[in-house]
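Count residues from 1 along the sequence. These numbers come from the heavy atoms of this one structure, side chains and all, not from hydrogens, waters or symmetry mates.
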Amino acid sequence: MTNKQTILKKMARLTLPAKEAGSGTFPKATLQFLNFTGESVVATDTHILAVLKNYKSEPHLGHADGSPADTPCSQSDYPDYKRVLIPEDRTDWNHVWQGETDRYILYQLKVFLEGVDKAARKDRSLGVPVLRLHREQDTLNLYTGCQGLAVKTRILQDLKDEKVFDGYYALSCFIKALDLLSSAGNGGYVEMYTSKTSPRSKAGPLITLETPDALVLIAPVTQIPENNEVRQYSEDQIQRGRDGSGLDFLD
């Protein structure tokens, strides 16, 4: 399988399953296909959106092998995905991973999240596995886990700006995003940036991971049960960090 076919296959993983998309001509039905715009390829399942840049083709709705889809839907039915992309003047915080060391860190992160996801999915009754990204003071922390197990991972530290953000995201979305970006090629860097959010919003910001060759936009999860393992553990750890109780062992 060529690299191009591999990338399109991974793009297809981000489309909406046919049973959820429906069979009509309503725009949602188009989301079960890849949108070959002529200049790029777009895929979304409404929770995650990916754009493979600089992909020349005849405009059409199609499959992972590039063939046109047998559907009454047309490209004019496809939602205007550009409206949800974060313009430069609406970004709030960004960080760039570059160089071999950073790329290896992102690879390690993908492998780590895959392991957590595998463990979490052994009990489907627990719902969709999530992760929480919490940016406070000079660190970006990631919390995730499954029933009976939750972990805190420091993604970035010694950050110089004073931005703060907090949000829950489907664990599978981050895995698919990192997997796609590594296959599409990162051109030497991966940039992460967040959208500006209203003070009334509790859902967290939209997050974009982008390279010169691809872009992935991830939407936050809006409803997290009170008894969610990740939620309970992360709130406890965040409070400990704020009141200093996490340093009791130094007393």
Side-chain angles (χ1 to χ4, degrees), residues 13-17 20 28 31 42-51 79-95 97 106 109-110 112-114 116-117 120-121 126-136 139-146 150-156 159 161 163-181 190-210 214-239:
R13 293 175 60 200
L14 309 183
T15 58
L16 196 64
E20 297 180 28
K28 193 174 181 181
L31 303 185
V42 182
T44 182
D45 65 0
T46 73
H47 301 291
I48 183 171
L49 183 150
V51 179
D80 184 3
Y81 68 92
K82 293 182 180 180
R83 293 181 60 185
V84 300
L85 299 180
I86 305 172
E88 185 174 350
D89 63 350
R90 295 299 300 165
T91 61
D92 188 49
W93 176 80
N94 79 299
H95 177 78
W97 284 274
L106 291 176
L109 176 61
K110 181 176 78 73
F112 166 69
L113 295 180
E114 287 173 337
V116 174
D117 186 58
R121 291 183 180 278
L126 300 177
V128 177
V130 298
L131 60 79
R132 182 179 187 177
L133 280 173
H134 186 263
R135 164 79 164 88
E136 187 174 18
T139 65
L140 173 64
N141 291 317
L142 181 152
Y143 300 87
T144 191
C146 54
V151 293
K152 174 182 177 180
T153 304
R154 180 170 293 174
I155 303 297
L156 297 169
L159 298 170
D161 60 81
K163 298 293 184 179
V164 175
F165 71 83
D166 187 24
Y168 290 89
Y169 305 88
L171 182 57
S172 62
C173 286
F174 262 83
I175 294 171
K176 290 175 182 178
L178 292 172
D179 189 38
L180 174 64
L181 293 178
V190 177
E191 181 178 11
M192 171 181 170
Y193 51 94
T194 66
S195 63
K196 293 180 179 178
T197 55
S198 165
R200 297 181 180 180
S201 173
K202 297 181 180 180
L206 293 167
I207 288 181
T208 300
L209 294 169
E210 185 171 10
L215 173 154
V216 182
L217 179 70
I218 304 173
V221 176
T222 57
Q223 297 182 347
I224 304 295
E226 291 287 343
N227 64 347
N228 178 272
E229 194 87 21
V230 174
R231 176 173 181 168
Q232 291 181 339
Y233 174 74
S234 59
E235 288 182 350
D236 179 62
Q237 292 298 307
I238 290 168
Q239 186 57 45

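With values rounded to the nearest 0.5 angstrom, Asn228 atom CG is found 12.5 Å from Gln223 atom CD. With values rounded to the nearest 0.5 angstrom, Ile224 atom CD1 is found 9.5 Å from Ser234 atom OG. Between the CG atom of Leu206 and the OH atom of Tyr193 there is a distance of 10.5 Å, given to the nearest 0.5 Å. Here the CG-OG1 distance, from Asp166 to Thr194, works out to 11.5 Å after rounding to the nearest 0.5 Å. Taking CG of Asp89 as the reference point, atom OG1 of Thr91 lies at 7.5 Å (rounded to 0.5 Å). In this structure, OH on Tyr81 lies 10.0 Å from CG on Leu215, to the nearest 0.5 angstrom.
When side chains are defined from C-beta on, Leu14 counts as touching Leu180, because their heavy atoms get closer than 4.5 Å. Using a 4.5 Å cut-off on side-chain heavy atoms (C-beta onward), Tyr143 and Ile238 make contact. Between Leu159 and Arg135 the shortest side-chain heavy-atom distance falls below 4.5 Å. Looking only at side-chain heavy atoms (C-beta outward), Lys152 and His134 stay at 4.5 Å or farther from each other. Side-chain contact check for Leu49 versus Leu85: some heavy-atom pair is nearer than 4.5 Å. Side chains of Met192 and Ile155 form no contact here, defined as non-hydrogen atoms less than 4.5 Å apart.
Here the shortest heavy-atom pairing between Ala219 and Tyr169 reads O-CD2, 3.5 Å. Considering every non-hydrogen atom in both Val221 and Ala170, the closest pair reads CG2-N, 3.4 Å. Counting all heavy atoms, side chain and backbone alike, Asn227 lies closest to Gln232 at CA-NE2, 3.3 Å. Considering all non-hydrogen atoms of both residues, Gly145 and Ala120 come closest at O-CB, 4.1 Å. Contact between Pro220 and Gly204 at its shortest, heavy atoms only, is CG-O, 3.5 Å.
The side-chain hydrogen bond (donor to acceptor under 3.5 Å, both in side chains) search around Asp45 returns none, not counting sequence neighbours. Among residues two or more places apart in sequence or in another chain, the side-chain contact (heavy atoms from CB on, under 4.5 Å) test is passed with Thr46 by Leu31. By the ring pair (Phe, Tyr, Trp, His ring centres under 6.0 Å) test, Phe165 is found to be paired with Trp93, residues two or more places apart in sequence or in another chain being considered. Here Glu20 pairs with Leu16, Pro17 under the side-chain contact (heavy atoms from CB on, under 4.5 Å) rule; sequence neighbours left out. Under the salt bridge (charged side-chain N to carboxylate O under 4.0 Å, His left out) criterion, Glu88 pairs with no residue, sequence neighbours left out. Applying the ring pair (Phe, Tyr, Trp, His ring centres under 6.0 Å) rule to His47 yields no partners; only residues at least two apart in sequence or on another chain are considered. Residues satisfying the side-chain contact (heavy atoms from CB on, under 4.5 Å) test with Arg154, not counting sequence neighbours, are Thr139, Asn141, Gln157. Residues forming a side-chain hydrogen bond (donor to acceptor under 3.5 Å, both in side chains) with Glu114 (at least two apart in sequence, or on another chain): Lys110. For Glu229, the side-chain hydrogen bond (donor to acceptor under 3.5 Å, both in side chains) test picks out no residue, with sequence neighbours left out. Arg13 is linked by a salt bridge (charged side-chain N to carboxylate O under 4.0 Å, His left out) to Asp179, counting only residues two or more places apart in sequence or in another chain. Considering only residues two or more places apart in sequence or on other chains, Val164 meets the side-chain contact (heavy atoms from CB on, under 4.5 Å) condition with none of them. Qualifying side-chain hydrogen bond (donor to acceptor under 3.5 Å, both in side chains) partners for Thr144, counting only residues two or more places apart in sequence or in other chains: none.
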(request) Using the side chain to side chain contact (heavy atoms under 4.5 Å, CB included) rule, take Leu113 and Leu171 through it: C-alpha gap first, then chi angles, then the decisive distance, then the call. (result) CA-CA 7 Å; Leu113 295 180; Leu171 182 57; 3.6 Å; yes
(message) Please evaluate residues Lys163 and His95 with respect to the criterion side chain to side chain contact (heavy atoms under 4.5 Å, CB included), reporting the C-alpha separation (whole Å), side-chain torsions for both, the decisive distance (0.1 Å), and the verdict.
(response) CA-CA 12 Å; Lys163 298 293 184 179; His95 177 78; over 6 Å; no
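Shown are Asp117, Ile207, Ile48, Leu142; of these, the side chain to side chain contact (heavy atoms under 4.5 Å, CB included) with Phe174 is made only by Ile207.
Put simply, the side chain of Ser195 never gets that close to the backbone of Ile86: no donor and acceptor are under 3.5 Å apart.
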